[in-house]
Amino acid sequence: MNKRPRVTVVGSFNTDLVSRTPRMPVPGETILGGPFHMGPGGKGANQAVAAARLGADVTMVVKLGQDIFGDQAEANMIKEGIRPGFIFRSAETHTGAALIMLDAQGENMIVVAAGANNLLSPEDVDKAEEAIRQADVLLVQLEIPQETVARAIQMARESGVKVLLNPAPGRELSGELLGMVDVLTPNETETQIVSGLPVTDLKEAQIAARQLLDRGVGAVVVTLGAQGALVVTPAGVEHVPGLQVDVVDTTGAGDAFSGALAVALAEGMELAQAVALANAAAALQVTKIGTASAMPYRDDVDKLMAD
Ligand code: RIB
């Protein structure tokens with residue numbers, strides 16, 4: 001019998017085209033950068049790979065184009081052990097692509113050409129109904145249409161499946177949608193966008209998170225980069241510190257965090273303990289270049305936590 005925790009991800013795939021650069025260009029400027037790197041990415045697929053590498057039985061609901069990037073994406077998901085039943089393909093547009101500039105400090109700027117991600121529809125979600133209703137955790141982000149996100153969340157809620165929403169890229173969300181989310185994982189910028197309140201320090205982050213609780217979210221976990229995460233629930237606030245590592249590339253750190261949190265919650269861990277595991281996964285992810293390819297494996301995360 002398969003006892004691995006089941007995580008279903010409804011989300012995006014992008015081929016990441018990464019250019020290293022000594023600094024970011026300003027508008028109208030061309031600069032000579034460093035090495036180029038291409039690999040699988042997209043917030044949905046990154047989180048699916050993170051969850052699979054950490055030991056979950058992962059199903060991904062995603063839409064790709066019928067092009068070479070789509071072929072590579074599908075092959076990579078299968079290689080990572082992700083169940084392939086709901087990898088849809090469309091001839092109408094291209095596979096999602098992300099143009100990423102990565103500076104010497106490991107910080108990034110990203111433009112996403114969403115392509116087929118924009119065509120992932122509520123009807124596609126309906127086709128994956130069983131995989132959503134039988135999951136332990138549904139994991140969603142905001143790189144696909146909002147009505148698709150809403151359909152998946154509603155389905156999961158009806159079946160008592162825990163809903164984890166990583167609200168990235170940040171968008172305003174309806175109270176109806178927020179009221180169906182068990183755990184929300186925004187970074188500070190996304191906390192500001194989703195709540196509509198200013199977030200310039202930890203105190204304001206707490207105020208904004210409490211407003212999101214008032215609007216129906218079960219728990220808000222504000223990710224703070226190297227500082228770890230702030231866990232805000234109706235029971236109170238807890239700061240779970242991050243782990244100090246040598247940062248090479250921060251791209252995908254939030255995805256490592258949300259993917260790991262989904263696995264830990266699917267395993268039944270309580271929230272603060274699950275956040276500690278997610279912090280460790282994110283810390284390992286930023287020590288490597290790349291997004292999906294840099295996701296850590298469970299043994300390495302467990303070892304880091306034990307140290
Ligand atoms: O979160 C990182 C991801 O954002 C990248 O992989 C890129 O594809 C964009 O979706």
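Whatever order the structure lists ligands and atoms in, that order sets their numbers, starting from 1.
For ligand 1, the polar-atom distance check finds no N/O of Thr251 at less than 3.5 Å from any of the ligand's N/O atoms. For the pair Gly42 and ligand 1, the shortest N or O to N or O distance falls below 3.5 Å.
Between Gln206 and Leu230, some side-chain heavy-atom pair lies under the 4.5 Å cut-off.
Atom 10 (O) of ligand 1 has its closest protein heavy atom at Glu143 OE2, 2.5 Å. Counting only heavy atoms of the protein, atom 4 (O) of ligand 1 lies nearest to Lys43 NZ, 3.1 Å. Protein heavy atom nearest atom 5 (C) of ligand 1, with residue, atom name and distance: Asp16 OD2, 3.4 Å.
With respect to the salt-bridge test (charged N to carboxylate O, under 4.0 angstrom), the residues Asp300 and Lys303 do not qualify. By the 4.0 Å N-to-carboxylate-O rule, Asp214 lies too far from Arg210 to be salt-bridged with it. Using a 4.0 Å cut-off between charged nitrogen and carboxylate oxygen, Arg6 and Asp136 count as a salt-bridge pair.
More than 12 non-hydrogen atoms from other residues, nucleotides or ligands lie less than 6.0 angstrom from CD of Glu158.
In summary, of the residues considered (Thr93, Thr15, Thr95), a side-chain hydrogen bond (donor to acceptor under 3.5 Å, both in side chains) with Asp67 occurs for Thr95 alone.
Across the listed options Val18, Asn46, Asn14, Asn46 owns the non-hydrogen atom lying nearest to atom 3 (C) of ligand 1. For the residues Asp255, Ile100, Thr291, the heavy atom positioned nearest atom 2 (C) of ligand 1 is part of Asp255.
Applying the 4.0 Å criterion to heavy atoms of Ala98 picks out, from ligand 1, the atoms 7 (C), 8 (O).
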